[in-house]
Each structure stands twice: as C-alpha cells, then as structure tokens.
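This report refers to the structure that appears directly beneath it.
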Amino acid sequence: MEKTGRGPDRHGGRTPGAGSSAAGGPDAGASARGTGRGRVAWDAVVLILAPGAVALVLALTLAPNAGTAVVIMAVALIAPAVAAVSLLRRRPRAVTTADRVTLLRVGLIGVLTAAAVLIFAEAIPARSWVLAVVIGVALLLDAVDGWVARHTRSSSASGARLDMEADAAALLVVSLIAAATVGWWAVAIGAMRYLFAAAARIRPALRGELRYSLFRRTVAAIQASVLWVALLPITPVPLAAAVTAIALTLLVLSFARDAIGLERSARTGKTR
C-alpha cells in the first residue's frame, strides 16, 4: 500500500523558549508541555475505551458463549491499543485534528474486528447493511483525514505513519470479514503488506525506496473499495468472489513488480 504521507509537521510542538519569553518564564513552557502530554494521554484513553465499550455491548448481547465474548473483548482492543502506544511515544507529544479523524477510524477498526469474531462464530450474518455502513464510514475517513491535514496545515510525519498503519489494519480486518463470504484466500489482500514487510526483514533489497507508480497507487486504492462492494448484501456471491479475485491478482502483480524492481535496483545502486 503506497501512502504519500502528510508532509512536515508544522504544528507538532512549541518552539523552545517561546513559552518562556512570551508567557512568563520556564515554568510556563513546562506547563504547556504538561498540557500537551495530558491531551495525548486523554486521546489514548478514549481510543481504547470507546471501541472497548462497543465491543463489550456486542459481547454481552450477541456472543454465543463466554469464550467468544472474551475473544471479542481482546481482539477489539488490539488496533486501538497499538495506536494508543504510538501516541504516547511521540516526541513531541501532540495530536492534530487530522490525527483525531484517523483515531476515529482506528476505533471503528476495533469494532469491525469484534464483528469479524461474531461472524465466524455465526452470531451475525457475514453481510449486512449495518456492517456495510460501518465499513464504508471507516473507508471514507481515510480520505477525510488527509483532507483535514492539508486544510488545517496540521501535517506531520507521525500522522502519516499512523494513517498508513490504520490503512493496513483496516484492509486486513475487512479482508478477514470478506473471507467469510468469498473464501479464506481473500485474507491475502490484507496480509500482503505485512508479508512484504516480513520479507524485507530477511531480504535487505526489499527495504529500498520506491519511485512513484500510478499502477501501484491505483491497485492499492481499489482494494478496500472492491472488498466493500463484495460485502454489500445486494452483490451476488459469485460476482463478489470474482471482483475480489481480480483485485487480489492485481495486488500480487503490483507487489511482485515492486519486489523485482527493488532487487534490480539493489544490484545497480539505483532507486526504483
């Protein structure tokens, strides 16, 4: 999945010394930094509690047994907890408006993960309009956070990384949900990025820099949309399987193309 990021951080923190000269000395600067830490901590808490509360409701009302309820609570908090930890590790600690949009998407990913467990426990249908709406909102927020970042000039490298990881997690969860309808092979769509990252740990050439590619961007962009269409109740299952298979084939070709290009670049010393 190719992400362009959000550019430099223009509002990621205060200029050292600005707080002391304009607001009355070092104590004022320390107070401002403390307030920033508090906001990040609060965002992290909400990020975990919100999907956790929804997961608890789902577990109590829909889970067929106690074991499934426990699994729902555990898996629903994976993505939010990882995002919360990344927030607390930020230096400087700051959360922008665009970040909050991304965090809302992360919360929805937690809810969708809980839904995936219920689907495979046969507690809810694999396709429904409620599920389609939630997935649609989560996918729509992917475009919204970038727009907000540009228009509020709140771009940051850490925000871009959070956005990219949210994209990858969302695609993995949605592909898992789609697998209940079209087959387990659909999970490969969401797993591809993680498999490539794992391969890069073994093969240094795959860690190289990739040049812009319209093909790569187009293929990456259609994956989530295709899965969403496949999950619509009105989409015939054979058609859902067909379009998902086409999307996966294109994704495999894209990753293979990049892998071959990176291997060649490593030998010639050029950027792909």
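Because only heavy atoms are used, hydrogens play no part in the values below, and waters and symmetry mates are left out as well, while side chains stay in. All of these numbers come straight from a predicted model, not from anything done at the bench.
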Excluding sequence neighbours, so at least two apart, what forms salt bridge (charged side-chain N to carboxylate O under 4.0 Å, His left out) with R203?
E263
Would you name the heavy atoms of A115 and I124 that are closest together and state the gap between them?
O-CD1, 3.7 Å
Chi angles and distances behind the side chain to side chain contact (heavy atoms under 4.5 Å, CB included) call for R127, V237
CA-CA 10 Å; R127 299 196 294 178; V237 173; 3.4 Å; yes
So how far is it from T68 OG1 to M73 CE, rounded to the nearest 0.5 Å?
13.5 Å
Distance-minimising heavy-atom pair for A114 and L58:
CB-CD1, 4.0 Å
Interatomic distance, CZ@R105 vs CG@L140, rounded to 0.5 Å, equals 10.0 Å
Are I234 and W129 close enough, and set up right, to give a side chain to side chain contact (heavy atoms under 4.5 Å, CB included), and what steps lead you there?
CA-CA 9 Å; I234 60 173; W129 286 112; 3.5 Å; yes
CA sep, side-chain torsions, deciding dist, call: T96, D99, side chain to side chain contact (heavy atoms under 4.5 Å, CB included):
CA-CA 5 Å; T96 67; D99 289 333; 3.1 Å; yes
Could you list the residues that satisfy side-chain contact (heavy atoms from CB on, under 4.5 Å) with A126, not counting sequence neighbours?
I119, A180, T181
Are any non-hydrogen side-chain atoms of S225 and L139 less than 4.5 angstrom apart?
no
Test side-chain hydrogen bond (donor to acceptor under 3.5 Å, both in side chains) applied to T102 and D145, D142, D167, the passing residue
D145
Hey, what do you get for CD1 (I189) to CG (L250), rounding to the nearest 0.5 Å?
10.0 Å
Determine whether a donor-acceptor pair (N or O, by modelled atom type, separation under 3.5 Å) exists between the side chain of D163 and the backbone of A160.
no
So do I78 and T113 actually touch side chain to side chain, heavy atoms under 4.5 Å?
no
Using the side-chain hydrogen bond (donor to acceptor under 3.5 Å, both in side chains) rule, collect all pairs that involve residues 228-247, keeping only residues at least two apart or in two chains.
none
Set of side chain to side chain donor-acceptor pair (under 3.5 Å) partners for W147, sequence neighbours left out
H151
Ring-plane angle category for F255 and F196, please: parallel below 30°, perpendicular beyond 60°, tilted otherwise.
tilted
Side chains of V174 and I109: does their closest heavy-atom pair fall under 4.5 Å?
no
Closest contact, heavy atoms only, V106 versus A83:
CG1-CB, 3.9 Å
I'd like to check V229 versus V226 (side-chain heavy atoms, cut-off strictly below 4.5 Å). Are they in contact?
no
Is there a side-chain contact between S265 and E209 (heavy atoms, below 4.5 Å)?
no
Find out whether I135 and L231 are in side-chain contact, i.e. whether some heavy atom of one side chain is under 4.5 Å from a heavy atom of the other.
yes
Would you call M164 and R193 a side-chain contact if the rule is heavy atoms closer than 4.5 Å?
yes
For side chain to side chain contact (heavy atoms under 4.5 Å, CB included), just list the numbers for R257 and S213, CA-CA rounded to whole Å, side-chain angles, deciding distance to a tenth of an Å, and then say yes or no.
CA-CA 11 Å; R257 178 174 175 266; S213 168; 3.1 Å; yes
Once rounded to the nearest 0.5 Å, what's the spacing between atom CZ of R150 and atom OG1 of T152?
10.0 Å
Which residues pass the side chain to side chain donor-acceptor pair (under 3.5 Å) test with R161, not counting sequence neighbours?
none
Sequence neighbours excluded, the answer for side-chain contact (heavy atoms from CB on, under 4.5 Å) partners of P125 is S128
